[in-house]
Amino acid sequence: MGSWFESEPLKSTLATDAITGLMCSPKTQSNGYVLLHLTMGGYDGGKTWCYVEGGMGSVSMAIAKAAQLHGAELYTEKPVQQIIVKNNVVEGVLLQDGTVVRAKTVLSNATPKVTFFDLLSDTTLPDDFKKQLANIDYSSPATKINVALRGLPNFIASPNTPGDPRPGPHHQCIAFLNCESIETIHQAYLDCQQGEASSRPYIEITPLTSQPLDHGTMRIKEKYCQKVFDCIEEYAPGFKQLVVGKEVLTPPDLERIFGLTGGNAFHGSMSLDQLYMFRPIPLNPGYATPIKGLYLCGSGTHPGGGVMGSPGRLAAMAVLEGK
């Protein structure tokens with residue numbers, strides 16, 4: 001960054017894309033690929049991120065409708081208990097309600113850990129394969145906080161217009177906080193490495209919405225949430241008075257609710273040792289698995305995480321080609 005830019009806030013803000021979803025610091029070597037991965041996409045020919053009208057669930061619904069138009073049958077609220085394998089050949093899946101769905105081909109978009117360790121018999125895979133699977137790094141530094149507000153936050157850097165309830169451009173994009181310098185972000189990483197919540201965590205704010213609240217044991221999460229809110233308060237005084245509801249999702253919550261091993265949204269670290277011919281593991285890069293008819297199609301495969309559908313499309317092509 002220093003070779004191209006002089007402004008420290010600009011350098012550190014750009015560097016945030018190199019650490020998104022990755023347990024690392026901007027100073028960590030080789031994390032430049034993550035920055036490339038998260039900035040090379042775009043929408044409608046442009047090189048910018050965007051928000052999906054109706055929320056991210058709209059993407060899933062669009063894919064579902066397209067599949068149904070081509071004759072697919074979709075079942076929701078039907079958790080898979082086991083992938084059925086006989087003589088190293090997949091035969092279908094067993095649902096938690098006891099239903100058996102027979103199939104010659106099964107594609108899993110769960111993480112490699114869930115697919116191979118939770119849904120398959122322990123005796124199905126060779127030992128060297130299991131050893132490499134067990135070494136996949138799923139660590140995640142991210143906590144997601146959904147917040148419902150009674151009004152627009154009023155940022156010092158761009159105050160709201162008195163009497164105008166309309167959101168400004170900065171309310172409709174990502175706001176980056178606690179990243180005025182690379183050293184600030186690096187210190188947040190060092191705190192995390194010591195097993196502590198960052199004293200000044202790097203924060204991304206996107207357009208906020210309400211979600212059902214989790215009324216379980218909240219003391220640790222509440223303490224961290226208040227720390228985050230205190231930081232936001234420095235940039236937008238009065239923010240905490242606007243909060244009418246919140247939901248704190250730590251990495252264990254993300255794993256429990258969404259099946260994201262380690263809470264990692266990318267189904268495994270996007271570090272160079274887990275990309276390209278090493279994803280998901282060096283012994284078995286790609287989409288086919290040692291079990292005939294079983295394929296991976298999620299973000300744990302090449303090219304990794306992101307709202308682009310590439311792993312699924314490439315997995316489908318591999319199935320059609322019989323690879």
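Computed from a predicted model, the values in this text were never measured in an experiment.
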Derivation and outcome, side chain to side chain contact (heavy atoms under 4.5 Å, CB included), residues Y295 and T289: CA-CA 6 Å; Y295 293 81; T289 72; 5.6 Å; no

ILVMFWY cluster, L74 and L69 together (side-chain gap under 4.5 Å): no

Side-chain donor/acceptor of R279 to backbone N/O of S299, under 3.5 Å: yes

Ring centre gap for F266 and Y138 strictly below 6.0 Å: no

Euclidean distance, I220 CD1 relative to T250 OG1, rounded to 0.5 Å: 9.5 Å

Polar side-chain atom of T301 near backbone of C297 as donor-acceptor pair, under 3.5 Å: no

same_hphob_cluster(Y189, L177) at 4.5 Å side-chain heavy-atom cutoff: no

Spacing of CG belonging to L119 relative to CG belonging to L94, to within rounding of 0.5 Å: 10.5 Å

Residue pair Q226, Y224: steps toward the side-chain hydrogen bond (donor to acceptor under 3.5 Å, both in side chains) verdict: CA-CA 5 Å; Q226 290 306 313; Y224 182 73; over 6 Å; no

Donor-acceptor contact present, side-chain E247 to main-chain N146, <3.5 Å: no

4.5 Å side-chain heavy-atom contact, S139 and N264: no

Beyond-backbone contact of V93 with I84, side-chain heavy atoms, under 4.5 angstrom: no

Member of L107, N88, V106 meeting the side-chain contact (heavy atoms from CB on, under 4.5 Å) criterion with L294: V106

Neighbour count >12 (heavy atoms, 6.0 Å) for atom CD, Q96: yes

Taking every non-hydrogen atom, the tightest pair across T143 and P251: OG1-CD, 3.8 Å

T184: side-chain contact (heavy atoms from CB on, under 4.5 Å) partners, not counting sequence neighbours: S181, R200

More than 12 heavy atoms of other groups within 6.0 Å of Q172 CD: yes

Polar side chain donor-acceptor pair, Y235 to E233, under 3.5 angstrom: no

Shortest non-hydrogen contact from P303 toward L314: CD-CD1, 4.2 Å

Salt-bridge criterion met for D127 and K130 (N-O under 4.0 Å): yes

Any side-chain heavy-atom pair of S12 and E180 under 4.5 Å: no

Residue pair D191 / Q187, side-chain donor-acceptor N/O under 3.5 Å: yes

Residue pair V319, E321: steps toward the side chain to side chain contact (heavy atoms under 4.5 Å, CB included) verdict: CA-CA 5 Å; V319 172; E321 295 171 1; over 6 Å; no

Step-by-step side chain to side chain contact (heavy atoms under 4.5 Å, CB included) determination, I19 to N31: CA-CA 7 Å; I19 62 170; N31 63 1; 4.1 Å; yes

Heavy-atom side-chain proximity of V228 to I203 below 4.5 angstrom: yes

Pair F129 and F116, ring centroids less than 6.0 Å apart: yes

Validation row: K27, E183 side chains within 4.5 angstrom (heavy atoms): yes

In one Ile/Leu/Val/Met/Phe/Trp/Tyr side-chain cluster, 4.5 Å: V243, F155: yes

Gap separating the CD atom of Q193 from the OG atom of S198, nearest 0.5 angstrom: 10.0 Å

Atom of E8, atom of I182 and distance for their closest heavy-atom approach: OE2-N, 2.9 Å

Side-chain donor-acceptor pair present, H186, S25, cut-off under 3.5 Å: yes

Distance (rounded to the nearest 0.5 Å) between L22 CG and D17 CG: 12.0 Å

Smallest separation among heavy atoms of L275 and M270, with atom names: CD1-O, 3.3 Å

Any donor-acceptor pair under 3.5 Å from T13 side chain to L10 backbone: no

Worked verdict on I174 versus I205 for side chain to side chain contact (heavy atoms under 4.5 Å, CB included): CA-CA 5 Å; I174 299 176; I205 298 182; over 6 Å; no

K246 and E222 ion-paired at < 4.0 Å: yes

Donor-acceptor under 3.5 Å (H70 side chain, A67 main chain): no

In one Ile/Leu/Val/Met/Phe/Trp/Tyr side-chain cluster, 4.5 Å: V52, I63: yes

Heavy-atom check, side chain of L125 versus side chain of I291, under 4.5 Å: yes

salt_bridge(K292, E91) N-O dist < 4.0 Å: no

H302 vs Y287 side-chain heavy atoms within contact, under 4.5 Å: yes

Check: V89 main-chain N/O paired with N87 side-chain donor or acceptor under 3.5 Å: no

Nearest non-hydrogen partners of A315 and L296, listed with the distance: CB-O, 3.5 Å

Reported NE2-to-CG distance for the pair H267 and L260, which is rounded to 0.5 angstrom: 5.0 Å

Nearest atoms (heavy-atom pairs only) where A188 meets P201: CB-CA, 4.4 Å

Flag if over 12 foreign heavy atoms under 6.0 Å of NZ, K240: yes

Donor-acceptor pair between E204 and Y202 side chains, under 3.5 angstrom: yes

ring-ring contact (aromatic ring centres under 6.0 Å, His included) between Y33 and Y276, intermediate numbers included: CA-CA 11 Å; Y33 171 78; Y276 299 106; 5.6 Å; yes

Point-to-point distance, once rounded to the nearest 0.5 Å, from CD of E196 to SG of C192: 10.0 Å

Neighbour count >12 (heavy atoms, 6.0 Å) for atom NZ, K227: yes

Sole residue of K78, Q82, Q81 in side-chain contact (heavy atoms from CB on, under 4.5 Å) with L95: K78

pair V90-T105: side-chain heavy atoms closer than 4.5 Å: no

Cluster overlap M23 with I136, hydrophobic side-chain contacts below 4.5 Å: no

Pairing of D253 and K144 as salt bridge, 4.0 angstrom limit: no

